[in-house]
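Accompanying notes for the structure given below.
Each chain gets a letter, A, B and so on, in the order the sequences are listed, and its residues count up from 1. Heavy atoms only: backbone and side chains are in, while hydrogens, waters and symmetry mates are out. Quick caveat: nothing in here was measured; it's all calculated off a predicted structure.
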Amino acid sequence: DSGVTQTPKHLITATGQRVTLRCSPRSGDLSVYWYQQSLDQGLQFLIQYYNGEERAKGNILERFSAQQFPDLHSELNLSSLELGDSALYFCASSVGQDNEQYFGPGTRLTVT
Amino acid sequence: AQSVTQLDSQVPVFEEAPVELRCNYSSSVSVYLFWYVQYPNQGLQLLLKYLSGSTLVKGINGFEAEFNKSQTSFHLRKPSVHISDTAEYFCAVSGVRGSTLGRLYFGRGTQLTVWP
């Protein structure tokens with residue numbers, strides 16, 4: 001158990017819908033990262049937050065957005081969902097920006 | 001930007017045999033290097049990391065890796081594998097400063113299967 005929690009574990013939804021994935025980092029960790037794992041793209045960095053502020057953006061679609069709240073938990077919002085958005089979404093956290101990242105168990109999103 | 005190539009998508013090996021999982025990276029700046037392991041239906045767990053210093057890095061579960069700057073490689077090795085090492089292994093790289101710090105670029109993964 002890494003100490004990073006993600007909810008829900010599984011999510012099945014239809015195309016065009018909007019979902020919210022939640023991540024609680026390890027106690028004391030200020031950085032949160034979101035990654036997408038799919039069969040065709042592999043593991044891809046989406047976005048990073050540090051103490052509530054966005055620090056880096058990767059291959060994140062405009063239909064996706066994220067935020068980190070004052071209590072340091074983070075949410076990833078995916079809207080206008082397409083079949084290709086089906087993937088495992090991982091959250092990771094670290095103390096700072098150059099420390100070891102601890103990964104959560106992931107949320108498996110299936111878009112039908 | 002950084003990129004990672006894992007040269008083997010699948011590596012089958014018999015129990016107690018040695019194994020090497022190959023990783024090459026590309027970057028125009030200094031990098032940190034990592035190996036992660038993913039067991040079925042689980043998240044990623046850090047095996048080892050190279051930040052600086054000795055090029056031979058020892059990690060958990062008896063794994064080690066060697067950073068070779070001239071060959072831009074970071075191969076993972078274990079002298080004797082167990083059935084429980086069966087998993088997917090990911091090599092990753094990040095920059096060491098600025099906006100590249102912290103964001104991991106992953107290879108496509110190598111599925112290690114250990115047979116009895």
Inset, instruction - Would you mind checking if R77(B) and E20(B) are paired as a salt bridge, meaning a charged N to carboxylate O distance below 4.0 Å? - result: yes
Inset, instruction - Indicate yes or no for a side-chain donor-acceptor contact from T110(B) to the backbone of D8(B) under 3.5 Å, with no hydrogens or angles considered. - result: yes
Inset, instruction - Measure Q38(B) against the heavy atoms of chain A and call it side chain, backbone, both or neither at under 4.5 Å. - result: side chain
Inset, instruction - Identify the residues of residues 74-83 of chain A whose heavy atoms come closer than 4.5 Å to a heavy atom of chain B, ordered by number, or report 'none'. - result: none
Inset, instruction - Measure up the F63(B) and Y89(B) rings against each other and bin them: parallel (under 30°), tilted (30 to 60°), perpendicular (over 60°). - result: tilted
Inset, instruction - Would you mind checking which part of K57(A) comes under 4.5 Å of any heavy atom in chain B, side chain (CB onward), backbone (N, CA, C, O), both or neither? - result: backbone
Legend entry - By side chain to side chain contact (heavy atoms under 4.5 Å, CB included) - contacts of D1(A) (at least two apart): none
Inset, instruction - Examine whether an atom of Y102(A) lies under 4.5 Å from a heavy atom of chain B, and if so say whether it belongs to the side chain, the backbone or both; otherwise answer neither. - result: neither
Legend entry - Heavy-atom proximity to chain A below 4.5 Å, by part of Y105(B): neither
Legend entry - Between L88(A), I47(A), L43(A), the one whose heavy-atom pairs under 4.5 Å with chain B are most numerous: L43(A)
Legend entry - Structural part of Q37(A) lying under 4.5 Å from a heavy atom of chain B: side chain
Inset, instruction - May I ask you to check whether over 12 heavy atoms, not counting those of F14(B), lie within 6.0 Å of atom CZ? - result: no
Inset, instruction - Go through the steps for F45(A) and F106(B) under the test ring-ring contact (aromatic ring centres under 6.0 Å, His included), then give the verdict. - result: CA-CA 9 Å; F45(A) 168 79; F106(B) 285 91; 9.8 Å; no
Inset, instruction - Please determine if K49(B) forms a cation-pi arrangement with F34(B), meaning its NZ or CZ atom is less than 6.0 Å from the six-membered ring centre and no more than 45° off the ring axis. - result: no
Legend entry - Same cluster (ILVMFWY, side-chain, under 4.5 Å), V11(B) and V81(B): yes
Inset, instruction - Name the orientation class of the two ring planes belonging to F74(B) and Y50(B) (parallel below 30°, tilted from 30 to 60°, perpendicular beyond 60°). - result: tilted
Inset, instruction - Would you mind checking which part of L39(A) comes under 4.5 Å of any heavy atom in chain B, side chain (CB onward), backbone (N, CA, C, O), both or neither? - result: backbone
